[in-house]
Amino acid sequence: MLKALALIAALAVPSAALAQTASTPTPIQVMIIGTFHFDNPGQDLNNVEIDPVTTPAKQAELAAVAEALARFHPTAVAVEREAADPATLLDHRYPAFTPAMLQTIADERYQVGYRLAHNEGLERVYAIDEQGGEGRRDYFPFDKVSDWFTAHHREAEFAALNVQITDYTADLAARQRTETLGALLYDTNRPDHPVHGSLDFYYSLLAFGDGVEQPGAELNAGWYERNARIFVKLMTVARPGDRIVVVYGAGHAYWLRHFVQNTPGFELVDPLPYLAGT
């Protein structure tokens, strides 16, 4: 009798494991493509002047990037834009997209995101950005940091922190003239990238504060919250088994990767094997 019960128990374990596996949703795979801004909007703390990407040579490079990313077989694309309809979060500009626009619009949302979605015949292109502004929270209150280090005569300390980023932008401006856009995107998305691969700059700003004011902490909190809200929007539109390419400013890449890696049901996909050689 005891042997029979043991046999039943042994057989029941694999069955229970199978049932548990069958009920577990297929992971949502997310590939974060951090980009520098192709159209030079000049909205960042440190900006780089990018040569026109609408030339035939640059268009060929971007076509190679799209072809490489297509090997991921994406089911949806998400870009850095606020949605007109927060109920669907669909990108309201994508339905009007035509490949001819790539000849005149340098914006990376078009050049990478829309190009890829169009090539793959996707209808699910989402606008998942979260912005501050008038009447809303300032997610990047750098003016408070600047006012504080100026009032406390610590401008040189900030300049020393910022030099790594200014050196990076100068280097990128030079390298773009000799390297392909695919190679530059590969470098930008390295997890050990000196600027986009860590929070060293942001966390160093925590030192700008005292017992009364903590503007560095406030900036870090706002930047975290903005990226958390962006990721929540991605969670809202994601479906089990999705393979989503997220095209976003490289400054967001660290936190977006963090949320994907640490959220149950999501799986981060490294873009480097796809971008290699482009």
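In what follows, every heavy atom counts, from backbone to side chain, and hydrogens, waters and symmetry copies are set aside.
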Evaluate the side chain to side chain contact (heavy atoms under 4.5 Å, CB included) criterion for residues Y94 and R109: first the C-alpha distance (whole Å), next the side-chain angles of each, then the deciding distance (0.1 Å), finally the verdict. CA-CA 10 Å; Y94 177 65; R109 292 170 291 193; over 6 Å; no
What about V232 and I28, same hydrophobic cluster or not, with Ile/Leu/Val/Met/Phe/Trp/Tyr joined at side-chain heavy-atom distances under 4.5 Å? no
d(F36 CZ, L185 CG) to nearest 0.5 Å is 5.0 Å
Quick one: CG on L256 to CG on N227, what's the gap to the nearest 0.5 Å? 5.0 Å
Spell out, as yes or no, whether a donor-acceptor pair under 3.5 Å connects the side chain of E61 to the backbone of L181. yes
Side chain to side chain contact (heavy atoms under 4.5 Å, CB included) partners for D51, two or more places apart: Q176, R177
More than 12 foreign heavy atoms under 6.0 Å from CD of E67: is that the case here? no
Beyond-backbone contact of T35 with T188, side-chain heavy atoms, under 4.5 angstrom: no
Which pair of non-hydrogen atoms, one from A106 and one from D39, has the smallest distance, and what is that distance? CB-CB, 3.9 Å
For the side chain of E130 and the backbone of R229, is there at least one donor-acceptor N/O pair under 3.5 Å apart? no
Residues in salt bridge (charged side-chain N to carboxylate O under 4.0 Å, His left out) contact with E120, at least two apart in sequence or another chain: none
Taking only residues two or more places apart in sequence, or in another chain, which ones meet R115 in a salt bridge (charged side-chain N to carboxylate O under 4.0 Å, His left out)? none
Using a 4.5 Å cut-off on heavy atoms from C-beta on, say whether the side chain of P74 contacts that of L116. yes
Could you walk me through whether L69 and V112 pass side chain to side chain contact (heavy atoms under 4.5 Å, CB included), step by step? CA-CA 9 Å; L69 296 179; V112 179; 4.2 Å; yes
Enter the distance from Y110:OH to T104:OG1 here, rounded to the nearest 0.5 Å. 9.0 Å
Restricting to non-hydrogen atoms, name the atom on P99 and the atom on H118 that form the minimum distance, rounded to 0.1 Å. CG-CE1, 3.4 Å
If you apply the rule side chain to side chain contact (heavy atoms under 4.5 Å, CB included), what do you find for Q111 with T54, and how did you get there? CA-CA 9 Å; Q111 293 291 339; T54 52; 4.2 Å; yes
In the structure I gave you, are the side-chain heavy atoms of W148 and Q214 within less than 4.5 Å of one another anywhere? no
For R190, side chain to side chain donor-acceptor pair (under 3.5 Å) partners two or more places apart: D187, D192
Validation row: D138, D143 side chains within 4.5 angstrom (heavy atoms): yes
Smallest heavy-atom separation, T169 atom then T166 atom, equals OG1-O, 2.9 Å
Between CZ on residue R257 and CG on residue L268, distance to nearest 0.5 Å: 7.5 Å
Supply the atom-to-atom distance S198 OG to Q164 CD, rounded to the nearest 0.5 angstrom. 6.5 Å
Nearest heavy-atom neighbours spanning N119 and A66: ND2-CB, 3.9 Å
Mind checking whether H258 and F231 have ring centres under 6.0 Å apart? no
Answer with yes or no whether the hydrophobic clustering places L206 together with V195; edges join I, L, V, M, F, W, Y residues whose side-chain heavy atoms lie under 4.5 Å apart. yes
W223 and ring-ring contact (aromatic ring centres under 6.0 Å, His included): which partner among Y139, F140, F201, F142? F140
Can you get from L199 to L219 by hopping between Ile, Leu, Val, Met, Phe, Trp and Tyr side chains that sit under 4.5 Å apart? yes
From K233, R81, R226, residue fulfilling salt bridge (charged side-chain N to carboxylate O under 4.0 Å, His left out) relative to D129: R226
For A228, all residues meeting side chain to side chain contact (heavy atoms under 4.5 Å, CB included), sequence neighbours excluded: Y224, F259
Taking all heavy atoms of Y126 and all of R124, pick out the closest pair and write down the distance. OH-NE, 2.9 Å
Identify the two heavy atoms, one from Y254 and one from H196, that lie closest to each other, and give their separation to 0.1 Å. CB-O, 3.9 Å
Close aromatic pair by centroid cut-off 6.0 Å: H152 and F208: no
Under the 3.5 angstrom rule, does the side chain of T180 hit a backbone N or O of T278 as a donor-acceptor pair? yes
Please tell me if the side chains of V245 and P271 come closer than 4.5 Å, counting only heavy atoms from C-beta onward. no
Tell me, please, which residues at least two apart from R154 pass side chain to side chain donor-acceptor pair (under 3.5 Å). E157
Does T75 reach the main-chain N or O of R243 with its side chain, forming a donor-acceptor pair under 3.5 Å? yes
Looking at CG of N162 and CG of D167, how far apart are the two atoms once the value is rounded to the nearest 0.5 Å? 9.5 Å
Close side-chain approach of P52 and K58, heavy atoms under 4.5 Å: no
Return yes if some donor-acceptor pair links the side-chain N/O of Q29 with the main-chain N/O of V269 below 3.5 Å, else return no. no
Using the rule given for side chain to side chain contact (heavy atoms under 4.5 Å, CB included), can you reason through I105 versus Y114, listing the C-alpha separation, both sets of side-chain angles and the distance that settles it, and then say yes or no? CA-CA 11 Å; I105 301 176; Y114 291 2; over 6 Å; no
Q103 atom CD: more than 12 heavy-atom contacts under 6.0 Å: yes
